[in-house]
*Asks:* 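One structure coming up, written as structure tokens, with questions to follow.
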Amino acid sequence: MLECDVVVIGGGTGGYVCAIRASQLGLRTVLVESDKLGGECLNYGCIPSKSLITISKLYEKARGSEKFGLRFTGVSLDFEEMQRWKASVVGKLVVGVESLLKGNHVSILMGEASLVDRNRVSVTANSQKEEIVAKNIVIATGTRPIQLPGIEFDGSTVIGSREALELREAPGDLLIVGGGAIGLEFACMYQKLGSRVTIVELMDQLLPGGDPEVVRVVQRKLEERGAKVYLRSKVSSVTKNGRRAVVEVDSPQGKFSSEADKILQSVGRAPRVDNMNLKSLGVNTDQRGFIVTDRRMMTSVDCVYAVGDVRGPPLLAHKASKEGIVAAECIAGLPSAADWTVIPETIFTDPEIASAGLTADRAAQAGFQVKSVRFPFAALGRALAAGETEGFVKVVFRADTGLVLGVQIVGSEASNMISEVALALEMGATVEDMAQTIHPHPTFPEAIMEASESAAGRPIHQLRL
Ligand code: FAD
């Protein structure tokens, strides 16, 4: 039997960061992982998808580079090599996580954990059971994809994001069920790799809840590349026909059927809490089963914490790791709490989307008197030089005080630009503050300054409306 101060269940971005911080704070820490260190993000999510997305962008750029005076002959894509590159990136990061854990004196136990009571965890590995007695338990077990009845994953024709990252060729026809962030990232990526893409989304816009103006830019680009997008639509049945499938879709235009080589189902994720015995322990969950905690990440049971995706949306790696740090610090007795103002979000579509704070609609719903201003990338020197003129920066602010409430960006480099906005929101910046901040020229983030100058009523590079 192992004894420790903290046992962290799950070695994803929430869990491993929590374990490192806990050990740094002098707590004897054990991390239990049933699959791979690094969790979903490193092994099956953020990192492999962005590796492939980067290559798909390069491929498209290379093929469309004549306008820059660049002529490549025989540009071709070696899928196997691309997959090897992705695997090497993932491998390096996973090894890095393991050495960080070891270097920080975290004990790693590979096996499936279950909660016995508020201080005991049982770990099964190779049919052997081991018990850990811990003063504190952190649940960081993440989520798993939801499967709709009748469209269950079969590993070959109906697939989830994990399989979509492992394909050995681009499907001829790819039908994506669910137009959320993951579905759209795959849609853009596989379009560039040669697939004909169809997206079926239940709600009345792609990326439900996102700023409609922003979403429109990405949808337009998808359609320009040939995608078919069906909104307010649902897949009613899937019939497999050899290696292809016939999909029946109910849409506002009526029922129709579509053939696909692969169906990627990406309709949301549910918490992974099997074996956690939450009910019998008295750990509260919400209606969808996500674990409820206070701002210290403590659940309704003393000394039992939860961090990351298992606590619910937004399901983001950077949120998970911040929560891991908070939990570790609270366990160590530090006055830590989740007191951040914003959690920036990025979606690696083409063009990219990034957002921090409130959209104009959400700000109005929250009771603010709202103004918003847009600055288009088509008016930005750096964007023109890079041939990336689609999209805009939109600044949402209080009409009375100029306080920045949120910023949405759609365009190239959006993901790299949003951190500046997150800092501005954390510091309670006004549009005046953002306009006064000198930005280096020529760069994409200048668009944030330009939009803020417009918001402050003195635009330089666009005409006053
Ligand atoms: P996870 O990473 O899911 O880790 C949970 C770990 O717990 C897993 O390793 C699992 O094996 C382990 N576990 C579960 N049950 C047990 C048990 N009983 N015993 C022992 N171990 C157990 N987020 C971003 O911020 N940016 C992105 O670009 C992004 N892209 C994504 C792309 C895809 C395709 C997907 C699927 C997700 C993406 N995400 C992205 C989301 C991101 O992966 C998650 O937010 C993040 O992984 C959450 O970390 P976590 O530690 O909470 O959970």
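Quick caveat: nothing in here was measured; it's all calculated off a predicted structure. Whatever order the structure lists them in is the order used to number ligands and atoms, beginning at 1.
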*Asks:* What does the 4.0 Å heavy-atom contact list look like for ligand 1?
*Replies:*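 Correct list: Ile9, Gly10, Gly11, Gly12, Thr13, Gly14, Gly15, Val32, Glu33, Ser34, Asp35, Lys36, Gly39, Glu40, Cys41, Tyr44, Gly45, Cys46, Ser49, Lys50, Gly111, Glu112, Ala113, Ala140, Thr141, Gly142, Ser161, Ile182, Arg269, Arg272, Met276, Gly308, Asp309, Leu315, Leu316, Ala317, His318, Ala320, Phe348.
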*Asks:* How close do Val6 and Ala134 get, counting heavy atoms only, and between which atoms?
*Replies:*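 Minimum heavy-atom contact is C-CB, 4.4 Å.
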*Asks:* Surrounding CZ of Arg168 (heavy atoms of other residues, nucleotides or ligands, distance under 6.0 Å), is the total greater than 12?
*Replies:*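 Check passes, neighbour count above 12.
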*Asks:* Under 4.0 Å between a side-chain nitrogen and a carboxylate oxygen: does that hold for Arg382 and Glu446?
*Replies:*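 Looking at Arg382 and Glu446, the cut-off is not met.
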*Asks:* For the residue pair Ser372 and Lys394, what are the closest heavy atoms and their distance?
*Replies:*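 Shortest heavy-atom contact: OG-CE, 3.8 Å.
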*Asks:* Of all residues at least two apart in sequence or in a different chain, which pass the disulfide (SG to SG under 2.5 Å) check with Cys46?
*Replies:*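 Disulfide (SG to SG under 2.5 Å) check on Cys46 returns Cys41.
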*Asks:* Return the CD1 to NZ distance between Ile137 and Lys135, rounded to the nearest 0.5 Å.
*Replies:*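 Rounded to the nearest 0.5 Å, the CD1-NZ separation comes to 13.5 Å.
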